[in-house]
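Okay, structure first, notes after.
Letters go in sequence order (proteins before strands), and every chain restarts at 1. Every value quoted in this text rests on a predicted model; they were computed, and no experiment measured them. Side chains are part of it too, since the values below use all heavy atoms of this structure and drop only hydrogens, waters and symmetry mates.
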Amino acid sequence: MKEVPKKFDFTNSELKWQKFWEENRLYESHPIEGKKKYSVVIPPPNVTGILHFGHMLNNTIQDIYCRWKRMQGYEVCWVPGTDHAGIATQVMVEKELAKNGKTKYDLGREKFIELVWEWKKKNGGTIQRQLKKLGASVDWSRERFTFDEGLSLNVRKVFVDLYGKGLIYKGKRIVNWDPDSQTAVSDDEIFYQERKDKLYFIKYVLEGSDDFITIATTRPETMFGDTAVAVNPKDNRYKKFTGRKVHLPLTDRLIPVIEDDYVDMEFGTGALKITPAHDLNDFEVGQRHKLESVTVLTKDSLLNEHAGEFQGLKIDDARGKILARLKSEDLLVKVEDFVHNVAVSDRTKAVIEPYLSEQWFVSMKKLAGPAIDVVRNDKIKFYPERYKKVYFHWMENIRDWCISRQLWWGHQIPIWYHKQSGEIYCDVNPPSDTENWVQDEDVLDTWFSSWLWPLSVFGWENNENDRLNENLNYYYPTDFLSTAPEIIFLWVARMIMAGMEYKHEVPFREVYFHSTVRDGRGVKMSKTLGNYSDAIELMDKYGTDALRFTIIYLAPLGNDVLFDEEKTQIGRNFVTKLWNAGRFIMMMKEKNVFTDRLGDEIEEVDITEKWIQSRFNATLEEANRFLREYRLNDYAKTIYNFVWSEFCDWYIEFIKIDINNSPERSNAILDNAMKHYESILKVLHPVMPYVTEELWHLTGNDRDNRSISFEEFPVSDRGRIDERIETDVEKLKLLISAVRNLRTENGIEPSQKSHLYIAAPSDTKAMISKFENQILKLCNLEIFEFADKKLEGKQYASAVSGESEIYLLLNASLNTEKQSEKIAKEIDDLKRYLTTLEKKLSNESFLNKAATDVVEREKQKHAESKEKLNKLLRLNQNN
RNA sequence: GGGCGGUUAGCUCAGUUGGUUAGAGUGCUACGUUGACAUCGUAGAGGUCAUUGGUUCGAAUCCAUUACCGCCCACCA
């Protein structure tokens, strides 16, 4: 036994155990033949990232499962790593450059990439340090980066393979063009923002006539790319125009009027200008009608040569000038206010320009099939289950994946073009004759490396049958994936597709979609909104365990977490409570003067012991079940309630009394208490690794090199659950509360001893007698006796608790009015209750239709309440 | 526009096959610092279970409707 500090010094403790875990390489994993494994891959955070609340929650969840499984004897392997995060990282380094007035073009591609690597070396370790602080029991020897050599090889391998299978193609498509970073971004990397805009009504004059069609548009500047005007075939207003041609304003071009179902007759004028190069829907209309696509914008969103005199202008400038011209030519009919959604780049916040360009695509339909099946037949389980629906909907309507990005930081596409012949070469390695070939400039979407993550981190690049692949063979498929719901398509779905395509096996068996962390008002936490609490700061302030516990306690499966700094007190107070309980038991052992071990049979005879064992085993049953069912907040709550409301509030109070009354048994009692306490530490270790490790070492003398994280996780022994004893102790608690209540109400000083009479049926008497010492102490009585003596002539306050009537003897005169008022209210409530019961019991249909045990229960309730009512009525008379 | 989730005490949430006089934590109020813990203890107040209707002997629980909040998908010029 070591000396126990009065307070838990979490700052030093965290450093100490981080070091201990790392230096002893406790969480490094190796394939062990015949041993069951549990493997998890971390969702790789951006290499530029810092730990925010979402990470904290997500990694705590993973850590809980890894620690839990480790304590169950599994060979646990949790692989950490980071993502090179194409745009995010490139943008960050470009900003650095801009501070010195430079652009990436000043450096050139090669130098720029070198700079990013340097930047990564300098700033990239942050999130790893923060994960260590969080206590994440990952295997650091296995850390991976999506740009590592092996992982990059896998990326090329998959590209080449899919290209060979004809599943990768290059096509002219409308993509989401981010004019700031000058790259295409996927549909999943944009979001829509509501904007107030104008809707412009413009005349398109019919060829050889004064007649005209008015179209409505929000983007007049794209009119130079118009190649048709479309109307709905059912629209009689425009029948006379179809098949004819109209003058494209401000130009000398003529464009046809066509019919297409896509046009909404109700909207605007019912006539739509078609700009295939700058709108996805228009592009599709254009395909159907074999229209030409005219691009009118440059890559940085300036008008190009098709815009005539407006060439070189920015969109906004051009719009004003074009409108002025239209007005002067009397072609602008009117302008209306208009609210619509505008696509914005997730990374740069630039307004997305639908842009026709050459991009690489993966054809997804074929890959989706097997990935749908494995979720449908539960080879992969989703928690919460409802995400299955979301998944199916997306997968069944899957679109091709635009994988090319016009960036420099990323895996460059393994395609080479022959300088003379234009021949295409696709391979994991460059052509040997480098002189005559030039590589495709584009890089791949970051997710094109992330979707291989569960394969890549275990060395998939090595030959399948190679012994080097024992890692992949042992750890794949992984067992558990915990992730944010917003990347279900971006990442989860694609990993499933890759796993099925390349391993014919799921990449993981269970997926947990964790809560979104919001602030106290329910707004999603984000840096830009400023409602952001710094997770690391709070860990420093309250302790990592406190924060981990709080967030798990607050995060129910399938619901969001509303986090407020104030709430961290839940965890902090609990850590303190746990600490003090341990400190107390240890202090008692230290002080204990009895050296013999009388009363070793304590477990068999002592009702206190039997009770706590019963409660603890019931708690263990629940805790294990909740962990299995991914109900982490319930797991946290169950132990919290047990430790606080049963172990501390009652059990420790009971043993104080037991020891006081039979000090010769104190060794046995305290040993038992310590045994339970240590089990509590084990149950809590997955969620609070530091304080449990600290206490585990403090309570044991011989544990210098043993971590609690390899102790066996306690399981319930159902044979120890004793409902009879639990019921008795519940009654006892109620009795004690009732007496305390009487004392408080009658103004008896806490220090003042009092005298209690109890009237009860004989079996209850027997039960109460067993707890005589506890009742005396916990109610601060000098004496209690059964009320067969006459109470006449004595002043007392009275109450009914269960089957017992209790009479508390008073010295001072009693405030009888208050007493009878209270009892009267109790009588009232009870009478009302009895009425509802009687109504139910006199109801023929209830008696006939309800299950017999239900009827029995109601009858019993009735009898009990009736008896209690009689007792109360008697008390009231006596008063 | 389509889909999904939520609405229970001031706040955060339990309440999992319909059968409790609807619970917990936190906050609030009163009292308490004599040996684990004031980051504490004891006691107390506090709810028409969002609305309306239905099924049922019986509904917080099942069904339908409405309202509000949130999320996802699609995006209409």
Identify whether any heavy atom of A/Trp579 sits under 4.0 Å from a base atom; if not, whether one sits that close to sugar-phosphate; answer base, sugar-phosphate or nothing.
nothing

Under 4.0 Å, counting only non-hydrogen atoms across every strand here, what does A/Asp279 touch: a base, just sugar-phosphate, or nothing?
sugar-phosphate

Interatomic distance, A/Arg572 CZ vs B/G25 P [rounded to whole Å]:
18 Å

Applying a 4.0 Å non-hydrogen cut-off, can you work out what A/Arg832 is touching in the nucleic acid: base, sugar-phosphate, or nothing?
nothing

A/Asn281 side chain N/O closer than 4.0 Å to the phosphate oxygens (OP1, OP2) of B/C76?
yes

Looking across every strand, which nucleic acid part, if any, lies under 4.0 Å from A/Leu830 by heavy atom: base, sugar-phosphate, or nothing?
base

Can a salt bridge be assigned to the pair A/Asp829 and A/Arg832 using a cut-off of 4.0 Å between side-chain N and carboxylate O?
yes

Rounded distance (Å) that lies between atom P of B/A43 and atom CD1 of A/Ile748:
15 Å

Whole Å only: how far is the NZ atom of A/Lys577 from the P atom of B/G25?
12 Å

Inter-residue atom distance A/Leu734.CG - A/Asn741.CG, 0.5 Å rounding:
11.5 Å

Separation of atom CG in A/Asn641 from atom P in B/U26, rounded to whole Å
10 Å

Taking CG from A/Leu554 and P from B/A14, how many angstroms apart are they, rounded to a whole number?
11 Å

Looking at every strand, decide which applies to A/Glu856 at a 4.0 Å heavy-atom threshold: base, sugar-phosphate, or nothing.
nothing

Can you tell me how far C1' of B/C4 sits from CD of A/Glu486, to the nearest Å?
16 Å

Under 4.0 angstrom, heavy atoms only, what part of the nucleic acid is A/Arg399 near: base, sugar-phosphate, or nothing?
sugar-phosphate

Closest nucleotide among B/U42, B/A77, B/A36 to the A/Thr217 side chain
B/A77

Of the listed B/C4, B/A77, B/C76, the closest approach to the A/Leu272 side chain comes from B/A77

Which is true for A/Lys861 with a 4.0 Å heavy-atom rule: it touches a base, it touches only sugar-phosphate, or it touches nothing?
sugar-phosphate

Under 4.0 Å, counting only non-hydrogen atoms across every strand here, what does A/Lys273 touch: a base, just sugar-phosphate, or nothing?
nothing

Determine the contact category for A/Ser751: base if any of its heavy atoms lies under 4.0 Å from a base atom, sugar-phosphate if only primed atoms, P, OP1 or OP2 are that close, otherwise nothing.
nothing

Each nucleotide N or O in nucleotides 56-61 of chain B that has a protein N or O under 3.5 Å away: list the pair and distance.
residue: B/C57; atom: OP1; partner: A/Lys849; partner atom: NZ; Å: 2.0
residue: B/C57; atom: O2'; partner: A/Asn843; partner atom: ND2; Å: 3.0

From OH of A/Tyr387 over to C1' of B/C72, roughly how many Å is that when rounded to an integer?
8 Å

How many Å lie between NZ on A/Lys389 and C1' on B/G3, as a whole number?
9 Å

At less than 3.5 Å, do the side-chain atoms of A/Lys656 and the base atoms of B/A36 form a donor-acceptor pair?
yes

